[in-house]
There are 2 protein chains.
Amino acid sequence: MKPEDATNEVYRFFTEVGIINQLISTQLEAFLPGRMTATQFGILGHLVRRPEGETPLQLSNAFQVPKTSMTHMLASLENHNLITLETNPKDKRSKIARSTPQGVEFLKACMERMSEALAPVLSELGPEPFNRSLPNLTLIRETLDKERN
Amino acid sequence: MKPEDATNEVYRFFTEVGIINQLISTQLEAFLPGRMTATQFGILGHLVRRPEGETPLQLSNAFQVPKTSMTHMLASLENHNLITLETNPKDKRSKIARSTPQGVEFLKACMERMSEALAPVLSELGPEPFNRSLPNLTLIRETLDKERN
DNA sequence: CTCCAATAGTACGATATCAAACTAAATAAT
DNA sequence: ATTATTTAGTTTGATATCGTACTATTGGAG
């Protein structure tokens, strides 16, 4: 394969990733209240899986959004009583975000609705396409993250 | 594999897609003038590859964004003289967006800079991870698109 | 032909995102 | 200990996105 073809393939890869992300986000956001965004929902999921909580900076690194965006997202999640924000006892500049019981409940309900909505897709495709691409995606994500300036 | 594990895997798939999209968009947007977004850049690329042009509605379907967003994006691209917008002679409600020579030039320059920026990633990973996942991504994208209500 | 439903795009208003500049706390340097 | 530097998060202001309601055009039913 010529290097040009490789570049082209990478470009198509990123295009597909962009469109899949768009399709999924749109569908998810249709289930979410108000203007809660797919990323905000992702943050909630991240926190639910980490009961010890994380700082806003850790979260903005994990989701690759500016910390100024994170401030806004966390404020919004807190307004919905889905998370709490406390000052970090180990560093008074910092805070710790944790999911609330309502947050756990809300996440569960949304994921169930999303599963129902995606059921036709899963039964048509089966697990293999996800199964086969996931390790590659993880590898690509890790490398992109590592090489980021 | 239990069905619950399959759901979990799908969830992780979408999470990885979201983060990769975020990483690439951020890097690309750092190269783009003003606040031009990765999606707008994607639209330009789409039009450059289709000299006959497309209508705004075709574009909003291809990129899965609301047509009201497309109006804004196309206006922005037109302001930068990267595309033209003419009324469709076959349907006066409609328009046709086409890339300009400046648009072609601009796209080329940005893609070259992006290639340079991604060179370390590509040389570390090689083409295989992209190669192997692309057909699966395409399949997933097509199915998601088809099953969308 | 007339009317009506469907379709393409836009105006408007609300909210999300993000860059730049800022405040406060922690850490390092002298 | 004092000062300088770095770090965590927020405020501010600008722009992007998108839902709702609208206008204009098309195409079909009668």
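Proteins get letters first, then strands, A, B, ... in listed order; numbering begins at 1 in each.
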>> Within this structure, what is the CG-CD distance for the pair B/Leu82 and B/Glu105, rounded to the nearest 0.5 Å?
In response: 11.0 Å
> When the distance from NE2 of B/His72 to C1' of D/dG19 is rounded to whole Å, what number comes out?
Replying inline: 15 Å
>> Closest-nucleotide mapping onto DNA chain C: is A/Lys90 or A/Met36 further toward the 5' terminus? I mean the 5' end.
In response: A/Met36
>> Can you measure A/Leu32 atom CG to C/dT15 atom P for me and round it to whole angstrom units?
In response: 16 Å
> Would you call B/Lys146-A/Glu124 a salt bridge at under 4.0 Å N-O?
Replying inline: yes
> In residues 38-51 of chain B, which ones come under 4.0 Å of DNA chain C, going by heavy atoms?
Replying inline: none
> Closest nucleotide of DNA chain C for A/Pro89 versus for A/Met73: which of these residues is on the 5' side?
Replying inline: A/Met73
> Within this structure, what is the CG-to-P distance between A/Leu74 and D/dA8, rounded to whole angstrom?
Replying inline: 15 Å
>> With the threshold set at under 4.0 Å for non-hydrogen atoms, list the residues of residues 57-68 of chain A touching DNA chain D in residue-number order.
In response: A/Leu57, A/Lys67, A/Thr68
>> Testing B/Leu144, B/Asp145, B/Thr143 one by one against B/Glu147 for a side-chain contact (heavy atoms from CB on, under 4.5 Å), which residue passes?
In response: B/Thr143
> In whole angstrom, what separates B/Leu85's CG from C/dG9's P?
Replying inline: 9 Å
> OP1 or OP2 of C/dA16 sitting under 4.0 Å from any side-chain N/O of A/Thr37?
Replying inline: no
> Do you know which of B/Thr138, B/Asn131, B/Asn136 makes side-chain contact (heavy atoms from CB on, under 4.5 Å) with B/Leu134?
Replying inline: B/Thr138
>> Rounding to an integer number of Å, can you tell me how far A/Glu86 CD sits from D/dA8 C1'?
In response: 17 Å
>> Using a strict threshold of under 4.0 Å (side-chain N to carboxylate O), is an ion pair present between A/Glu128 and A/Arg132?
In response: no
>> With no hydrogens and no angle check, just 3.5 Å: does a side-chain donor-acceptor pair link A/Thr37 and A/Glu29?
In response: yes
>> I'd like to know if A/Arg98 and A/Glu52 make a salt bridge, using a cut-off of under 4.0 Å between side-chain N and carboxylate O.
In response: no
> Which of these nucleotides, C/dC18, D/dT7, C/dG9, is closest to any side-chain atom of B/Arg35?
Replying inline: C/dC18
> With respect to the side chain of A/Lys95, which nucleotide from D/dG9, C/dC18, C/dA25 is positioned closest?
Replying inline: D/dG9
>> Has B/Arg113 got a side-chain atom pairing as donor or acceptor with B/Ala109's backbone, closer than 3.5 angstrom?
In response: no
> Between D/dT15, D/dG9, C/dT10, which nucleotide gets closest to the side-chain atoms of A/Ser94?
Replying inline: D/dG9
> For the pair made of CD in A/Glu29 and P in D/dC18, what is the distance, rounded to whole Å?
Replying inline: 7 Å
> Taking A/Ser60 for the side chain and A/Leu57 for the main chain, is one N or O donor matched with an acceptor at less than 3.5 Å?
Replying inline: yes
>> Heavy atoms only, 4.0 Å cut-off, all strands: where does A/Ser76 land among base, sugar-phosphate and nothing?
In response: nothing
> How long is the line joining CG of B/Leu77 and C1' of D/dA16, in whole Å?
Replying inline: 13 Å
> Does OP1 or OP2 of C/dG9 have a side-chain N or O of B/Thr71 closer than 4.0 Å?
Replying inline: no
>> Measuring from the side chain of A/Arg93 (C-beta onward, heavy atoms only), which nucleotide among C/dT17, D/dT7, C/dG9 has the closest atom?
In response: D/dT7
>> Looking at A/Asp91, is its backbone amide N or carbonyl O close enough to the side chain of A/Ser94 to form a donor-acceptor pair, meaning the two atoms are under 3.5 Å apart?
In response: no
> Contact class for B/Asp91 (heavy atom, under 4.0 Å): base, sugar-phosphate, or nothing?
Replying inline: sugar-phosphate
